[in-house]
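Note that the structure is predicted; figures quoted are calculated from it, not measured.
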Amino acid sequence: YNEKYAAIIQDPDRGWCNRALAEIYETGSTIKPTNLLGGLETHTVTAEQTFDCDINNLTWTGKPSHILNHGWVDGRRAIKVSCNYYFVRLSQLMGVEKLVGWLKKSGFANPVIAWPEGELTDRANTAFREAAGHVAPIGRELPPHPRFLSIGRNEMMGTIVQIANSIATIARDGVYLAPVLSKSPPVKTVPRPIASPQNARVVQSGMKDAIYEDNGYLDCGTAYHAFQPLPWPEEEVELFGKTGSTQYSLFAGFAKDKTGRCLAIAVVAEVEVTGGELAAFLGKEIFIQCGELDYLPKAHKDTEP
């Protein structure tokens, strides 16, 4: 490393950069499950509340303008089909201060890794170059309202670890737990409930539908085609996911087996295609490989790679 330092730091692929910890990305629509959980937890919306997704109903000018006329959409379906209109309306009702506060509570805009006792957090962060990411600061002119935070664009920047950890909070029924890198010495982490299990399960339901449901045009789960054929029967392993599309392809989700074992992942593929076109396929393959490593049951042999 020392001998080839100049060449390493000039490498256009930046092989020296730990992308999971040190790089920040627009979270894209992978932030929507977290935002829905916040909307439910702050009583901004209810699970049954709907918004009429129609491009003629826009209450803002400019982006996002990618509105697919989903019709009346509740939170579950908004996750399933990744409805931008629903989440912009949610963010408008929630307000920028409350939304930013919720995102920070969920682990964004701060380093999240927990370190051993006696280890200075600043030193550990520097050694591993863990990036904090950022969300729109309160009092700033941009974005003019929280619509970009609601769909994970512009000022909504996070690390892959932060995205995965926010999904893990949903998988744990609303319990936040700082992730750990050190196996020895052990690290003490304290579970912190930030949402009710009931609200977390509403979000889980939408994430499950994103993989399992196809009800035709404008009502197909965004990860449905990537996960067909399913690696496991639903009664053996349940899958939950959310795609995202920025300048890159994203997927975040978790798998839970019948014994209660649970595995949360986040995928960022640095290719300009939708999350359903690439990152979700990679997410499925990662789950399958984790089965080979005994984090989950082994996938069925007839599963296509």
Side-chain angles (χ1 to χ4, degrees), residues 14 16-39 63-64 87 91 94-115 120-172 176-181 189 192 194-195 203 242-254 264-272 275 279 283:
R14 297 186 305 123
W16 50 269
C17 176
N18 185 328
R19 283 165 165 78
L21 292 175
E23 187 68 282
I24 60 173
Y25 300 88
E26 288 182 317
T27 61
S29 294
T30 63
I31 201 62
K32 289 176 179 176
T34 297
N35 283 341
L36 177 58
L37 185 61
K63 295 181 178 181
F87 284 98
S91 70
M94 201 168 176
V96 66
E97 185 171 353
K98 190 180 292 185
L99 181 55
V100 168
W102 171 256
L103 289 167
K104 289 184 176 180
K105 190 175 184 179
S106 301
F108 292 94
N110 291 290
V112 295
I113 303 296
W115 303 102
L120 296 176
T121 301
D122 288 345
R123 180 175 178 272
N125 288 343
T126 301
F128 283 89
R129 297 183 182 275
E130 184 189 359
H134 62 274
V135 299
I138 297 170
R140 281 263 303 271
E141 285 290 325
L142 294 175
H145 60 66
R147 66 180 186 266
F148 295 116
L149 299 181
S150 72
I151 62 170
R153 300 306 301 266
N154 294 6
E155 296 288 321
M156 183 64 246
M157 305 284 287
T159 66
I160 297 172
V161 167
Q162 288 172 337
I163 296 171
N165 203 47
S166 68
I167 297 299
T169 297
I170 295 167
R172 289 190 290 261
Y176 178 92
L177 186 66
V180 172
L181 292 180
T189 58
R192 176 166 52 90
I194 64 172
V203 181
K242 182 70 196 78
T243 59
S245 306
T246 60
Q247 69 272 37
Y248 298 136
S249 178
L250 301 96
F251 173 81
F254 65 97
I265 66 171
V267 179
V268 178
E270 295 180 348
V271 180
E272 194 171 357

> Does N35 use its side chain to pair, donor to acceptor, with the backbone of L149 at less than 3.5 Å?
Replying inline: yes

> Which residues pass the side-chain hydrogen bond (donor to acceptor under 3.5 Å, both in side chains) test with T243, sequence neighbours left out?
Replying inline: T222

>> Suppose the criterion is salt bridge (Lys or Arg N to Asp or Glu O under 4.0 Å): which pairs have a residue in residues 24-37, not counting sequence neighbours?
In response: E26-R153

> With a 4.5 Å limit on heavy-atom distance, are the side chains of L21 and L181 in contact?
Replying inline: yes

> Rounded to the nearest 0.5 Å, what separation is found between the CD1 atom of I24 and the NE2 atom of H134?
Replying inline: 5.5 Å

>> A side-chain contact here means heavy atoms from C-beta on lying under 4.5 Å apart; do T27 and Q162 qualify?
In response: no

> Is the closest side-chain heavy-atom distance between S106 and I194 below 4.5 Å?
Replying inline: yes

> Can you check whether V135 reaches W102 side chain to side chain, under 4.5 Å on heavy atoms?
Replying inline: no

>> F108: which residues meet the ring-ring contact (aromatic ring centres under 6.0 Å, His included) condition with it, sequence neighbours left out?
In response: none

> Which residues satisfy the ring-ring contact (aromatic ring centres under 6.0 Å, His included) test with F87, sequence neighbours excluded?
Replying inline: none

>> For V112, run the side-chain contact (heavy atoms from CB on, under 4.5 Å) check against L177, T159, V161 and tell me which one passes.
In response: V161

> Which atoms form the tightest heavy-atom contact between S249 and A279, and what is the distance?
Replying inline: OG-N, 2.9 Å

> Looking only at atom types and distance, does a side-chain atom of S245 sit under 3.5 Å from a main-chain N or O of G275, one as donor and one as acceptor?
Replying inline: yes

> Is there side-chain contact between R129 and N18, with at least one heavy-atom pair below 4.5 Å?
Replying inline: no

>> Holding to salt bridge (Lys or Arg N to Asp or Glu O under 4.0 Å), I want the full list of residues that pass it with E270, two or more places apart in sequence or in another chain.
In response: R19

> Among all residues two or more places apart in sequence or in another chain, which pass the salt bridge (Lys or Arg N to Asp or Glu O under 4.0 Å) test with E23?
Replying inline: R14

>> As an exercise, state the distance from OG1 of T189 to CD1 of I113, rounded to the nearest 0.5 Å.
In response: 11.0 Å

> Going by heavy atoms in the side chains, are M156 and L103 under 4.5 Å from each other?
Replying inline: yes

